[in-house]
Amino acid sequence: MKTEPGVVGIDDVLAMPNQTVDWWGVRNYQARNFMRDQMKVGDKVLFYHSSCAEPGIAGLAEVAKLAYPDRMQFDPKSPYFDPKSTPGNPRWVNVDVRVTKKTRLIGLAELRSHPELERMRLLQRGNRLSITPVDPAEWEFITGSLLK
DNA sequence: GCCAACGTTGGC
DNA sequence: GCCAACGTTGGC
């Protein structure tokens, strides 16, 4: 799951109660559907920093709460406000994410250097999705080999 | 700031 | 439903 550290970085989440944050602001249907349809409490998450000086994996996390309406869509003052969304029929949802471990930063170049991660969705050319599935083998390689 | 690669919008 | 124009993402 990508986040911009200038907005909410891993240190910000670690400073929050229960090291947990609501993943507000996703406004892409595919990414929303991953949260809504796929993610369960306890699912493991790679916490990724994007649009910053050092893009890469910054930590490990897990899903702490099933998808529910994103609070920003109802706030007219928020850039994430959606006038077409109503509390009775919300368009956007988010899960809660709890950071379980801050790791060393694994940069993009390093990720790309490993053939084991060649097919990782995050690394595919043209990928702009802020939430992408991670293959169990990819998770194992990253947590088992790269972070040892 | 550039720009590739998308995704969304809206006229038809 | 098509598709051109426009907007966004995100690494560099």
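Just so it is clear, the structure is predicted and the values come from calculations on it, not from any experiment. Hydrogens, waters and symmetry mates play no part in the numbers below; they use all other heavy atoms, side chains included. Note on naming: letters A, B, ... go to the chains in the order of the sequence lines (proteins, then strands), and numbering restarts at 1 for each one.
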Residues touching DNA chain C, which here means a heavy atom under 4.0 Å, drawn from residues 46-57 of chain A: A:Tyr48, A:Ser50, A:Ser51, A:Pro55

[X] has an atom [atom1]; how far is it from atom [atom2] of [N], in whole Å?
X        : N      : atom1 : atom2 : answer
A:Leu123 : C:dG10 : CG    : P     : 13 Å
A:Ile131 : C:dT9  : CD1   : C1'   : 14 Å
A:Asn28  : C:dT8  : CG    : P     : 13 Å
A:Leu111 : C:dG11 : CG    : C1'   : 13 Å
A:Arg27  : B:dT9  : CZ    : C1'   : 18 Å
A:Gln30  : C:dT8  : CD    : P     : 19 Å
A:Leu108 : C:dC12 : CG    : P     : 6 Å

Looking at A:Gln124, I want to see if its CD is surrounded by more than 12 non-hydrogen atoms of other residues, nucleotides or ligands under 6.0 Å. yes

Can you list everything that forms a ring-ring contact (aromatic ring centres under 6.0 Å, His included) with A:Phe47? Sequence neighbours excluded, please. A:Trp23, A:His49

Side-chain donor-acceptor distances from residues 105-112 of chain A under 3.5 Å, at least two apart:
{"unit_1": "A:Glu110", "atom_1": "OE1", "unit_2": "A:Arg104", "atom_2": "NH1", "d": "3.1"}
{"unit_1": "A:Glu110", "atom_1": "OE2", "unit_2": "A:Arg104", "atom_2": "NH2", "d": "2.8"}
{"unit_1": "A:Arg112", "atom_1": "NH1", "unit_2": "A:Leu123", "atom_2": "O", "d": "2.8"}

Which pairs of donor and acceptor atoms, one on a side chain in residues 75-93 of chain A, lie under 3.5 Å apart (sequence neighbours left out)?
{"unit_1": "A:Asp75", "atom_1": "OD1", "unit_2": "A:Lys77", "atom_2": "N", "d": "2.9"}
{"unit_1": "A:Ser78", "atom_1": "OG", "unit_2": "A:Tyr80", "atom_2": "N", "d": "2.9"}
{"unit_1": "A:Asp82", "atom_1": "OD1", "unit_2": "A:Lys84", "atom_2": "N", "d": "2.9"}
{"unit_1": "A:Asp82", "atom_1": "OD2", "unit_2": "A:Trp92", "atom_2": "NE1", "d": "2.8"}
{"unit_1": "A:Ser85", "atom_1": "OG", "unit_2": "A:Gln73", "atom_2": "OE1", "d": "2.6"}
{"unit_1": "A:Ser85", "atom_1": "OG", "unit_2": "A:Arg91", "atom_2": "N", "d": "2.8"}
{"unit_1": "A:Thr86", "atom_1": "OG1", "unit_2": "A:Asn89", "atom_2": "N", "d": "3.0"}
{"unit_1": "A:Arg91", "atom_1": "NH1", "unit_2": "A:Tyr29", "atom_2": "OH", "d": "3.3"}

Is there a side-chain contact between A:Leu146 and A:Leu117, using heavy atoms and a 4.5 Å cut-off? yes

Distance-only, no hydrogens or angles: does the A:Asp22 side chain make a donor-acceptor pair with backbone N or O of A:Trp24 under 3.5 Å?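 Looks like no, no N/O pair under 3.5 Å.
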
Okay, side chain of A:Thr100, backbone of A:Leu60: is any donor-acceptor separation there less than 3.5 Å?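 Yes, because the side chain of A:Thr100 sits within donor-acceptor range (under 3.5 Å) of the backbone of A:Leu60.
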
Between the protein and nucleotides 2-7 of chain C, which nitrogen or oxygen pairs come in under 3.5 angstrom?
{"unit_1": "C:dG7", "atom_1": "N2", "unit_2": "A:Arg128", "atom_2": "NH1", "d": "3.4"}

Can you name the side-chain hydrogen bond (donor to acceptor under 3.5 Å, both in side chains) partners of A:Lys102, sequence neighbours left out?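 Scan of A:Lys102 (side-chain hydrogen bond (donor to acceptor under 3.5 Å, both in side chains), adjacent residues dropped) gives A:Asp11.
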
